[in-house]
Amino acid sequence: MAEVILNNVRKNYDPAIHQDTLRDINLNIANGEFIVFVGPSGCGKSTLLRMIAGLEDITSGELKIGGNYMNDVPPVDRNVGMVFQSYALYPHMDLRENMNFGLKLKKLDKKTIDERVDHASDILGLTPLLDRKPKELSGGQRQRVAIGRCIVQQPSVFLFDEPLSNLDAALRVKMRIEIAKLHKELNSTIIYVTHDQVEAMTLADKIVVLSPLNPDAPTNLEQFGEPLELYHNPANKFVAGFIGSPKMNFLAGELVEKGDKTSRIRLYTGDEIVAAVDTSSAQVGDKVELGCRPEHLVEVGHAHADCQITGTVQVTEHLGSESYVYMDVDGNDFTFKARPEFPAEAGQELKVGLPTDACYLFDKDGVAFPRTAKYNKD
Ligand SMILES: Nc1ncnc2c1ncn2[C@@H]1O[C@H](COP(=O)(O)OP(=O)(O)O)[C@@H](O)[C@H]1O
Ligand SMILES: [Mg+2]
């Protein structure tokens with residue numbers, strides 16, 4: 001177990017192009033924390049993980065693991081274990097041999113090797129399968145062997161790069177729960193990469209949200225915090241749009257009345273909204289963007305329908321437990337999560353209720369204004 005610290009870490013694959021992939025990454029990961037790196041494809045998640053593993057150079061900045069400066073330490077001496085998306089098991093070896101192979105290379109004694117393999121197999125539910133070959137296993141079982149091979153090394157930090165993305169949806173959910181249990185058992189520091197925000201929300205103690213680096217931006221680390229903190233208080237529009245499913249709705253407008261508890265916004269749709277946000281730092285007339293989550297919208301007439309948004313229904317999905325109404329609001333896509341069998345016909349005009357306490361607000365640069373309430377639907 002170890003803490004991991006990154007100070008001003010930068011990655012530039014090709015100095016000739018002056019194009020950074022990662023810039024000014026500062027992270028303080030405590031001993032035993034489960035950290036998830038999340039962000040769209042190509043934003044540099046794997047690069048950051050591989051720099052911690054020692055598989056990629058750090059262009060500038062500092063990496064410390066367990067208090068030791070690691071920038072120039074070769075991967076084998078960092079005591080980190082990595083599990084990749086595509087896990088290559090040795091096809092001619094059985095599971096026990098696949099797991100103990102690395103330990104034999106390290107010339108550990110047989111008793112220690114057997115103890116570690118037995119313990120890892122036990123945790124991962126692989127004990128009855130130890131004399132099988134990889135081809136006799138399901139995808140989920142093979143992925144568990146790849147994790148087992150990592151556990152037996154007893155690394156101080158586990159690094160996972162999208163380990164579940166090759167599995168089908170049902171197995172992914174099952175393995176997600178297995179990995180959460182594993183973290184409880186091992187109590188080790190885990191850094192886990194995924195582009196799936198649901199995986200991030202459910203597994204992480206803290207989430208690191210990365211965005212594709214805008215060349216003019218000081219950093220592409222958008223926010224580092226607990227899952228629900230990111231959901232309730234996203235630092236900016238990027239995080240707000242990335243965390244939450246279905247995605248947050250955004251509508252542009254301008255500030256017509258500023259305040260430190262509530263603020264009034266006139267949307268370009270013509271609708272006026274009162275939002276529980278602190279805009280004391282802004283000016284009346286400033287361009288702003290309102291955000292609201294599909295699950296926080298209510299029917300007109302509901303006790304929390306403080307304001308209204310008007311749009312045209314495009315498609316309605318009935319999922320049994322809930323309905324999703326996809327609307328066009330003055331040229332913007334807009335989603336309303338409604339009750340089961342909510343009647344909404346394509347082409348029909350629909351008004352939905354927006355609670356004041358459920359509003360998010362962003363300035364013209366996408367920076368969030370502080371929210372002054374937390375919405376509770378019931
Ligand atoms: N070895 C490499 N050489 C040059 N560019 C690379 C290399 N590996 C990745 N990149 C680039 O760095 C960016 C981030 O890649 P990556 O870390 O794989 O993103 P992610 O894991 O978030 O999808 C991408 O634009 C990718 O093309
Ligand atoms: Mg990747």
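Source: prediction; values computed, not measured. Remember, it's 1-based here, ligands and their atoms both numbered in the order they're listed.
The closest protein non-hydrogen atom to atom 14 (C) of ligand 1 is Gly42 O, 3.4 Å. In terms of protein heavy-atom proximity, atom 17 (O) of ligand 1 is closest to Thr47 OG1, 2.5 Å. Among all non-hydrogen protein atoms, the one lying nearest atom 18 (O) of ligand 1 is Ser46 CB, 3.8 Å. Annotation: atom 1 (N) of ligand 1 to nearest protein heavy atom, Tyr13 CE2, 3.6 Å.
In this structure, Arg371 satisfies the cation-pi test against Tyr360, with its NZ or CZ atom closer than 6.0 Å to the six-membered ring centre and inside 45 degrees of the ring normal. The cationic atom of Arg293 (NZ for Lys, CZ for Arg) does not lie both less than 6.0 Å from the six-membered ring centre of Tyr375 and within 45° of the ring axis. Cation-pi geometry between Lys184 and Phe34 is not satisfied (NZ or CZ under 6.0 Å from the ring centre, within 45° of the ring normal).
Residue contact check for ligand 1: Cys43 places a non-hydrogen atom closer than 4.0 Å to it.
Listed by number with element, the atoms of ligand 1 under 4.0 Å from a non-hydrogen atom of Thr21 are 12 (O), 13 (C), 14 (C). Taking every heavy atom of Gly44 and a limit of under 4.0 angstrom, the matching atoms of ligand 1 come to 14 (C), 16 (P), 17 (O), 19 (O), 20 (P), 22 (O).
For atom 26 (C) of ligand 1, no protein heavy-atom neighbour is present inside the 4.0 Å cut-off. For atom 12 (O) of ligand 1, a protein heavy-atom neighbour is found at a distance under 4.0 Å.
Using a 4.0 Å cut-off between a side-chain N of Lys or Arg and a carboxylate O of Asp or Glu, Asp114 and Lys110 qualify as a salt bridge.
When ring centroids are compared, Phe160 and Phe84 stay outside the 6.0 Å threshold. Residues Tyr90 and Phe101 place their aromatic rings such that the two centres sit under 6.0 Å apart.
Put simply, Thr47 stays out of reach of the Mg ion (ligand 2), with no N, O or S atom under 2.8 Å from it.
Side-chain atoms of Lys258 and Ser263 include no donor-acceptor pair closer than 3.5 Å.
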